[in-house]
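We count ligands from 1, going down the list as the structure has it; atoms in each ligand are counted the same way. Values reported hereafter were calculated over all heavy atoms of this structure, with side chains retained and with hydrogens, waters and symmetry mates removed.
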Amino acid sequence: MAINIRSEEQIELMRKAGKVVSEAFQLLESEIRPGIGTNMLNEAAERFIKSSGAIPSFFGYRGFPSSICISVNEQVIHGIPGLRKLRNGDIVSIDIGVYLNGFHADAARTFAVGDISDEDKRLIEVTKQSFFEGIKFAKANNHLSDVSSSIQQYVESNGFSVVRDYVGHGIGRNLHEDPAIPNYETKSRGPKLMRGMVLAIEPMVNAGTYEISVLDDKWTVITGDGKKSAHYENTVVITDDEPELLTL
Ligand code: MG
């Protein structure tokens, strides 16, 4: 498995892509409310990304029809924006990828729409915190599985489950590069982390079991049991010390 090591110059370019991603999230966060259509959010993000001189990474990726992914409630990832309007009590996961100056950055967040239940708040919070538990181990000379296991442990100790069928990924000139980054323990310790690796670490957390299925649109991933799901992701640079988050 060849994992790319990025130079400081390349990382500087990725910082710029990451900044567009985080600014797009700030914009969308202010727009999310009951009644807004998911296609409105997609258009707002697309306009912003293009006005920044960048390209939405997901548009046309293996034929994906929109600029960003919007997944509501029991939808896990890869939801396609459309006519659906968000309702009070929904949770909405948004995944944004940006391509700028030859490099991608990728991040995801789950937001509350209006007033949500305490259990849904906990799902969103545990998902976000599981990322931060994972990246405590994201430094040079640790192994990738140190990150994966700590994400899984935190999620399961809170009574939720991590999705198995989709994983995080290296990122750089391509949206998806080696290594695959599971959010659960595997038999292998995984590759040793090295300074200059850039990883999209992205726990997908289900309130119920980890089983998923894919809708007839061939994209939208939903939970098998119909319970809700949350997602949290940042593009992370491995250093000898604390990792750098490019999309926060
Ligand atoms: Mg990703």
Side-chain angles (χ1 to χ4, degrees), residues 1 3-4 6 11 14-15 17-25 28 41-42 45-46 49 54-71 75-81 92-100 102-111 124 127-128 130-132 134-135 138 144 147-148 151-152 155 162-184 190-191 193 197-206 210 212 214 219-222 229-238 243-248:
M1 179 161 30
I3 303 174
N4 289 308
R6 298 297 172 196
I11 290 170
M14 295 191 75
R15 275 187 197 107
K19 187 159 179 280
V20 176
V21 172
S22 64
E23 288 171 352
F25 273 116
L28 291 190
L41 295 174
N42 179 65
E46 181 179 304
I49 291 166
I55 294 171
S57 301
F58 303 160
F59 185 80
Y61 182 84
R62 295 185 181 167
F64 189 75
S66 299
S67 291
I68 62 174
C69 300
I70 303 184
S71 309
Q75 297 176 351
V76 180
I77 48 168
H78 301 167
I80 302 171
V92 59
S93 299
I94 298 184
D95 199 339
I96 301 179
V98 158
Y99 183 67
L100 180 64
F103 288 92
H104 294 272
D106 186 5
R109 307 277 185 265
T110 299
F111 300 97
I124 292 173
T127 304
K128 178 178 179 182
S130 74
F131 167 88
F132 287 98
I135 65 163
L144 188 62
V147 176
S148 305
I151 290 172
Q152 178 180 26
V155 168
V162 289
V163 170
R164 303 290 201 274
D165 297 82
Y166 296 86
V167 297
H169 50 95
I171 183 168
R173 292 199 186 278
N174 296 297
L175 180 60
H176 294 127
E177 299 186 355
D178 282 341
I181 306 176
N183 298 298
Y184 50 91
L193 299 178
M197 288 180 177
V198 186
L199 308 175
I201 298 174
E202 50 174 324
M204 290 150 259
V205 175
N206 291 353
Y210 62 72
I212 54 93
V214 181
W219 280 105
T220 313
V221 177
I222 60 167
S229 186
H231 190 194
Y232 190 86
E233 173 184 30
N234 283 301
T235 298
V236 176
V237 182
I238 301 300
E244 180 182 351
L245 307 182
L246 300 185
T247 46
L248 201 60

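- With a cut-off of 2.8 Å, the Mg ion (ligand 1) has no N, O or S atom of His176 in range.
- Residue-level check: among N/O/S atoms of Glu202, OE2 sits closest to the Mg ion (ligand 1).
- With 3.5 Å as the limit, one finds a donor-acceptor pair spanning the side chains of Ser57 and His104.
- Here the N, O or S atom of His169 that is nearest to the Mg ion (ligand 1) is NE2.
- Note: His176 and His169 have perpendicular aromatic rings, judged against thresholds of 30 and 60 degrees for the angle between ring planes.
- Here the side chain of Asp106 pairs no donor or acceptor atom with the backbone of Leu175 at under 3.5 angstrom.
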Between His78 and Phe58, is the ring-ring contact (aromatic ring centres under 6.0 Å, His included) condition met? List the steps. CA-CA 10 Å; His78 301 167; Phe58 303 160; 8.0 Å; no
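- Restricting Glu233 to its N/O/S atoms, the shortest distance to the Mg ion (ligand 1) is reached by OE2.
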Assess the residue pair Val155 and Thr127 against the criterion (side chain to side chain contact (heavy atoms under 4.5 Å, CB included)); give the C-alpha distance rounded to whole Å, side-chain angles, the decisive distance to 0.1 Å, and a yes or no.
CA-CA 7 Å; Val155 168; Thr127 304; over 6 Å; no
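- Within the coordination shell of the Mg ion (ligand 1), defined by N, O or S atoms under 2.8 Å, Asp106 is present.
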